Enquirer: 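Below: one structure in structure tokens.
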Amino acid sequence: MTGHYAQVAFTDAVRAHQAAQGSLRGYERMAAVPEVADRLGENEAWFIGERDSFYLSTVSETGWPYIQHRGGARGFLKVVDSRTLGFADFRGNKQYISRGNLDHDGRVALFLMDYAARTRLKIFGRARVVEAAEQPELVASLTVPGYKAQVERAVLIEVEAFDWNCSQHIPELYPREEVLEAVADLRERIADLERENAALRAAGTTS
């Protein structure tokens, strides 16, 4: 966890519970750094670029949090620079809950999962929306070529802080295409062995 992530996440109420449970002292040392926004490094950029989905949390006008799953081609969430993320926003069910929430409050939280490696990255940020009609070149630069989805806008996120979370309780899951590929390789190997065994049996019968 970065010091600035602790500064953002550890409110007075949170700190009160940490004090009651005996963890406050250790976290206070972590948070005792200059209040400067985090910058994404090479590890974060690589991890983000490998994802084909993430969870996006926004805040409604009534104060309710709203979490939405965003998916696309691998790498559709792009690292624009060390402080900025961006992605093309595809047309969905036309509810526009996240879109409307961002008109009210730009604060967002992102949750990125790698179930196979049991790794997760959490990001606090401030988002702004760019409609396709306003800046078509920017929106086009964030679009994944060949991905079949209608792009309506782009979302740019100024990174405030991030945290690599522990692997505890994350289920070890693998993408369907990787499992199918592994199963196909095993089936091919089994077929080769069956043919080899059949040939050996035939040779033993004729000898």
Side-chain angles (χ1 to χ4, degrees), residues 1-15 27 30-72 75-92 94-114 119-144 149 151-165:
M1 178 182 295
T2 68
H4 190 48
Y5 192 96
Q7 292 166 355
V8 174
F10 296 163
T11 62
D12 289 342
V14 172
R15 286 163 50 83
Y27 284 128
M30 180 181 297
V33 298
E35 190 171 343
V36 179
D38 290 339
R39 290 188 176 274
L40 301 170
E42 291 183 2
N43 288 340
E44 290 77 34
W46 177 85
F47 184 82
I48 293 168
E50 288 294 303
R51 306 278 67 78
D52 58 6
S53 70
F54 65 94
Y55 299 94
L56 175 69
S57 176
T58 56
V59 184
S60 74
E61 294 173 88
T62 54
W64 286 98
Y66 178 72
I67 300 175
Q68 187 176 51
H69 175 265
R70 293 299 178 103
F76 82 102
L77 178 62
K78 299 181 182 298
V79 177
V80 179
D81 56 46
S82 63
R83 286 289 317 283
T84 312
L85 301 174
F87 65 94
D89 188 23
F90 308 129
R91 172 168 291 181
K94 296 187 179 183
Q95 290 183 355
Y96 298 111
I97 298 175
S98 296
R99 176 67 184 89
N101 288 349
L102 291 178
D103 285 341
H104 157 71
D105 193 328
R107 290 175 300 172
V108 296
L110 281 70
F111 210 98
L112 284 69
M113 299 293 302
D114 181 347
T119 305
R120 54 189 166 187
L121 177 63
K122 301 184 297 187
I123 301 173
F124 283 132
R126 300 179 186 276
R128 65 182 180 91
V129 176
V130 179
E131 297 294 338
E134 297 172 355
Q135 298 186 44
E137 293 183 358
L138 171 62
V139 175
S141 71
L142 295 173
T143 301
V144 178
V151 178
E152 293 188 327
R153 63 189 59 82
V155 178
L156 295 175
I157 300 170
E158 182 181 351
V159 175
E160 187 70 27
F162 65 83
D163 174 35
W164 288 98
N165 229 184

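Here the structure is a predicted model, which means the values were calculated and not measured. One is the number of the first residue; the rest follow in order along the sequence.
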Enquirer: State, to 0.1 Å, how close V80 and L85 come at their nearest heavy-atom pair, and which atoms those are.
Expert: CG2-C, 4.1 Å

Enquirer: Does atom CZ (R120) have a neighbourhood of more than 12 heavy atoms from anything else shown, all under 6.0 Å?
Expert: yes

Enquirer: Looking only at heavy atoms, what is the nearest atom pair of A88 and T143, with distance?
Expert: CB-OG1, 4.0 Å

Enquirer: Side chain of R83, backbone of V159: donor and acceptor closer than 3.5 Å?
Expert: yes

Enquirer: With Y27, which residues qualify under ring pair (Phe, Tyr, Trp, His ring centres under 6.0 Å), at least two apart?
Expert: F10

Enquirer: Would you indicate whether the side-chain heavy atoms of D89 and V129 approach each other to under 4.5 Å?
Expert: no

Enquirer: Looking only at heavy atoms, what is the nearest atom pair of F87 and L142, with distance?
Expert: N-CD1, 3.9 Å

Enquirer: Rounded at 0.5 Å granularity, tell me how far OG1 in T2 sits from CE in M30.
Expert: 8.5 Å

Enquirer: To the nearest 0.5 Å, tell me how far L77 CG sits from D52 CG.
Expert: 11.0 Å

Enquirer: Is the side chain of E131 donor-acceptor paired with the backbone N or O of R153 at a distance under 3.5 Å, no angle test?
Expert: no

Enquirer: Just checking I67: does its CD1 atom have more than 12 heavy atoms from other residues, nucleotides or ligands closer to it than 6.0 angstrom?
Expert: no

Enquirer: Could you note down all residue pairs passing salt bridge (Lys or Arg N to Asp or Glu O under 4.0 Å) where residues 53-63 supplies at least one of them, sequence neighbours left out?
Expert: none

Enquirer: Return the OG1 to CD distance between T58 and Q68, rounded to the nearest 0.5 Å.
Expert: 7.5 Å

Enquirer: For the atom pair OH (Y66) and CD1 (I97), what is the distance rounded to the nearest 0.5 Å?
Expert: 4.0 Å

Enquirer: How far apart are the closest heavy atoms of I48 and L112, and which atoms are they?
Expert: CG1-CD2, 3.7 Å

Enquirer: Under the salt bridge (charged side-chain N to carboxylate O under 4.0 Å, His left out) test, which residues partner D114, sequence neighbours left out?
Expert: R51

Enquirer: Give a yes or no on whether the backbone of G41 and the side-chain of E44 come within a donor-acceptor separation of less than 3.5 Å.
Expert: yes

Enquirer: Could I get the full list of ring pair (Phe, Tyr, Trp, His ring centres under 6.0 Å) partners for F111, not counting sequence neighbours?
Expert: none

Enquirer: Give every residue pair that meets the salt bridge (Lys or Arg N to Asp or Glu O under 4.0 Å) criterion with at least one member in residues 134-143, sequence neighbours excluded.
Expert: none

Enquirer: Just to verify, what does D103 make a side-chain hydrogen bond (donor to acceptor under 3.5 Å, both in side chains) with, not counting sequence neighbours?
Expert: R99

Enquirer: Look at the aromatic rings of F124 and Y5 and report parallel, tilted or perpendicular, splitting at 30° and 60°.
Expert: parallel

Enquirer: Is it true that E158 and R126 make a salt bridge, defined as a side-chain N closer than 4.0 Å to a carboxylate O?
Expert: no

Enquirer: Would you please test V8 and E160 for side-chain contact (heavy atoms from CB on, under 4.5 Å) and show each step?
Expert: CA-CA 9 Å; V8 174; E160 187 70 27; 4.2 Å; yes

Enquirer: Heavy atoms only: give me the nearest I157-A127 pair and the separation to one decimal.
Expert: CG1-CB, 4.0 Å

Enquirer: Output the distance between atom CG (L121) and atom CG (L40), rounded to the nearest 0.5 Å.
Expert: 8.0 Å

Enquirer: Determine, step by step, whether Y55 and L110 satisfy the side-chain contact (heavy atoms from CB on, under 4.5 Å) criterion, reporting the C-alpha distance in whole Å, the side-chain angles of both residues, the deciding distance to 0.1 Å, and the verdict.
Expert: CA-CA 6 Å; Y55 299 94; L110 281 70; over 6 Å; no

Enquirer: Under the side-chain contact (heavy atoms from CB on, under 4.5 Å) rule, what do V108 and L102 come out as? Steps first, then yes or no, please.
Expert: CA-CA 8 Å; V108 296; L102 291 178; 3.6 Å; yes

Enquirer: Report the distance from atom CZ of F90 to atom CZ of F76, rounding to the nearest 0.5 Å.
Expert: 6.5 Å

Enquirer: What pair of heavy atoms forms the shortest contact from A161 to D38, and how long is it?
Expert: CA-OD2, 3.1 Å

